[in-house]
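Accompanying notes for the structure given below.
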Amino acid sequence: MVDPGDVLRFDDRVLISRYRLPRHVIIQLAEHLRPKLERPTRRHGALPVILQLTNALRFFAKGDFQSEVADLAKVSQPAVSKNLEEVATAIGGLAVHYIRFPTGQEVNVIKEAFYRQSNMPGVLGLVDGSLFPIKAPAVDEGAYVCRKPYHAINVQAVGDHNMMIRHLVARWPGSAHDAFVFNTSDLNTYLGERNVSGWLLGDSGYPLKAYLMTPVVDEQTDADMRYNRAHKKCRARIERLFGVWKSRWRCHDVSGGYLQYTPEKVVLFIKATAVLHNICRLANVPDPEVDIIQQEHPEEVEEAHANGLTVRAQLIRDFFTRP
């Protein structure tokens with residue numbers, strides 16, 4: 001008789017379809033999580049770590065109700081519910097290892113890669129915000145209504161040339177403006193206090209700063225247009241990053257249904273799937289088919305620091321004056 005709890009009996013094709021990860025990555029991840037998830041005994045219905053993990057992966061991948069995950073694994077719905085938050089917390093705890101802003105020689109590697117991809121020099125990363133839908137919360141409901149309008153968490157991520165998440169802010173409600181999310185982030189403080197050689201690229205919803213280059217809204221010259229084209233080409237990778245993230249972990253996509261949890265629990269799931277996204281990138285797991293990316297049309301901001309204007313003007317003169 002086949003043990004329904006032996007999910008690793010499937011080949012990698014089925015495992016990736018159901019759980020988004022191949023066998024060897026599931027096993028490695030389970031070993032990393034074992035100190036947090038393993039129980040001393042199997043009393044009181046404690047599940048093996050592999051099963052706890054794959055139940056959570058199934059939920060993240062499909063956006064299923066817990067009862068459907070329980071049916072597939074042949075366990076009780078309360079067991080899935082109990083483990084889901086624990087597994088999400090444990091995976092999110094790995095962010096210190098998997099989500100790191102580049103430093104040292106890695107900075108030069110990233111800048112060179114972006115330049116090869118789009119002819120945009122000096123790029124440390126791409127910053128953007130994306131709306132992750134949730135059910136209407138009981139507390140501060142109005143704050144979570146985004147401009148779509150639906151209830152959401154506004155998630156900010158910085159991505160690199162390989163669509164790895166290099167920084168994450170997942171705590172603000174959907175009504176929060178991208179500029180506010182960035183200005184209150186530790187990354188803004190970090191970059192502002194250091195004389196960094198390079199910049200992030202952000203859309204027109206972000207403030208223009210010496211370390212954050214935005215598009216020229218009112219193009220005046222051919223050089224402005226060339227700069228904007230390179231800027232847009234480069235930033236396409238952060239838009240695809242969010243598309244791959246949500247398509248692989250459909251609990252965050254509107255097509256997977258609105259997550260029926262408090263904002264605090266949804267944030268746990270966002271952090272966990274951000275780590276899982278990077279694990280997939282490192283393991284070269286094939287990207288899912290990405291739905292047509294819906295541009296979220298950022299609200300343009302007037303915030304432009306004088307040093308940001310100076311740096312952008314110099315960048316355009318140095319690299320985009322000539323065709």
Side-chain angles (χ1 to χ4, degrees), residues 12 15-30 32-33 53-64 84 87-102 106 110 113-114 124-134 152-171 181 185 187 200 235-256 259 265-291 293-294 296:
D12 279 351
L15 290 173
I16 291 173
S17 174
R18 288 188 175 185
Y19 308 109
R20 302 301 193 245
L21 299 175
R23 178 184 287 102
H24 74 281
V25 177
I26 292 174
I27 292 172
Q28 290 172 358
L29 182 55
H32 284 308
L33 300 177
L53 173 58
T54 52
N55 284 345
L57 293 175
R58 173 70 180 187
F59 177 83
F60 297 149
K62 299 294 186 180
D64 291 338
L84 184 58
V87 175
T89 301
I91 295 174
L94 299 176
V96 65
H97 303 294
Y98 286 99
I99 301 177
R100 295 180 296 182
F101 197 74
E106 191 179 20
I110 289 174
F114 274 127
L124 303 170
L126 314 170
V127 63
D128 204 359
S130 186
L131 299 167
F132 283 54
I134 61 171
I153 303 289
N154 187 358
V155 177
Q156 177 182 281
V158 173
D160 69 11
H161 62 290
N162 194 36
M163 296 197 301
M164 291 278 290
I165 298 170
R166 292 307 195 123
H167 189 268
L168 180 71
V169 178
R171 67 173 180 271
V181 176
S185 70
L187 182 60
L200 302 176
R235 287 197 67 261
R237 297 196 72 75
I238 187 68
E239 294 166 359
R240 180 167 174 80
L241 184 159
F242 277 115
V244 168
W245 182 359
K246 291 182 178 182
S247 292
R248 178 174 279 128
W249 309 108
R250 298 199 77 85
C251 66
H252 298 312
D253 191 86
V254 174
S255 66
L259 283 171
K265 284 192 177 180
V266 173
V267 166
L268 288 180
F269 300 158
I270 291 169
K271 290 179 178 178
T273 56
V275 171
L276 292 168
H277 170 88
N278 280 2
I279 288 173
C280 288
R281 299 300 299 170
L282 291 169
N284 293 315
V285 178
D287 289 340
E289 291 187 11
V290 178
D291 297 335
I293 298 171
Q294 299 295 321
E296 293 181 352

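When every heavy atom of Ile279 is checked against every heavy atom of Val25, the shortest pair comes out as CG2-CG1, 3.6 Å. The two residues Pro133 and His252 have their closest heavy-atom pair at CD-O, 3.1 Å. Thr273 and Ile270 get closest at one heavy-atom pair: OG1-O, 3.1 Å. Taking every heavy atom of both residues into account, His277 and Leu241 meet most closely at NE2-CG, 3.8 Å. The shortest non-hydrogen separation linking Ala152 to Leu131 is CB-CB, 4.1 Å. Minimum heavy-atom separation, Ile238 to Val158: CD1-C, 4.3 Å.
Here the CZ atom belonging to Arg23 is positioned 10.5 Å from the CD1 atom belonging to Ile16, to the nearest 0.5 angstrom. Arg171 CZ to Lys271 NZ: the interatomic distance, rounded to the nearest 0.5 Å, is 8.5 Å. Once rounded to the nearest 0.5 Å, the distance linking CG of Asn154 with CZ of Phe132 reads 9.5 Å. Remark: Phe60 CZ to Ile91 CD1 distance equals 5.5 Å, nearest 0.5 Å. Here Leu57 contributes atom CG and Ile26 contributes atom CD1; the two are 6.0 Å apart, rounded to the nearest 0.5 Å. Atom CZ of Arg58 sits about 12.5 Å away from atom SG of Cys251, to the nearest 0.5 Å.
Considering only heavy atoms from C-beta on, Leu84 comes within 4.5 Å of Phe269 through its side chain. Between Asp128 and Glu239, some side-chain heavy-atom pair lies under the 4.5 Å cut-off. Annotation: side chain of Arg240 is in contact with side chain of Asp287 (closest heavy-atom distance under 4.5 Å). Using a 4.5 Å cut-off on side-chain heavy atoms (C-beta onward), Leu15 and Leu21 make no contact.
Sorted by first then second residue, the salt bridge (charged side-chain N to carboxylate O under 4.0 Å, His left out) pairs that include residues 159-168, not counting sequence neighbours, are Glu106-Arg166, Asp160-Arg166.
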Stepwise side chain to side chain contact (heavy atoms under 4.5 Å, CB included) check, Leu187 with Leu200
CA-CA 11 Å; Leu187 182 60; Leu200 302 176; 3.9 Å; yes
Take Ser247 and Glu289, measure what side chain to side chain contact (heavy atoms under 4.5 Å, CB included) needs, and give me the verdict at the end.
CA-CA 7 Å; Ser247 292; Glu289 291 187 11; over 6 Å; no
Take Leu33 and Leu53, measure what side chain to side chain contact (heavy atoms under 4.5 Å, CB included) needs, and give me the verdict at the end.
CA-CA 9 Å; Leu33 300 177; Leu53 173 58; 3.9 Å; yes
Give the C-alpha distance, both sets of side-chain angles, the deciding distance and a yes or no for side chain to side chain contact (heavy atoms under 4.5 Å, CB included) between Arg20 and Lys62.
CA-CA 10 Å; Arg20 302 301 193 245; Lys62 299 294 186 180; 4.0 Å; yes
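The backbone N or O of Pro22 sits nowhere less than 3.5 Å from a side-chain atom of Asp12 that would complete a donor-acceptor pair. Between the side chain of Asn278 and the backbone N or O of Met164 there is no donor-acceptor pair closer than 3.5 Å. In terms of modelled atom types and a separation under 3.5 Å, the side chain of His167 and the main chain of Gln156 share no donor-acceptor contact. One N or O on the side chain of Arg281 and one on the backbone of Asn162 form a donor-acceptor pair closer than 3.5 Å.
Under the 3.5 Å distance criterion, with hydrogens and angles disregarded, a donor-acceptor pair is assigned to the side chains of Ser130 and Lys246.
Note on ring orientation: taking the six-membered ring where Trp is involved, the planes of Phe114 and His161 are perpendicular (angle over 60°, cut-offs 30° and 60°).
Separation of the Phe59 and Trp249 ring centroids does not fall under the 6.0 Å cut-off.
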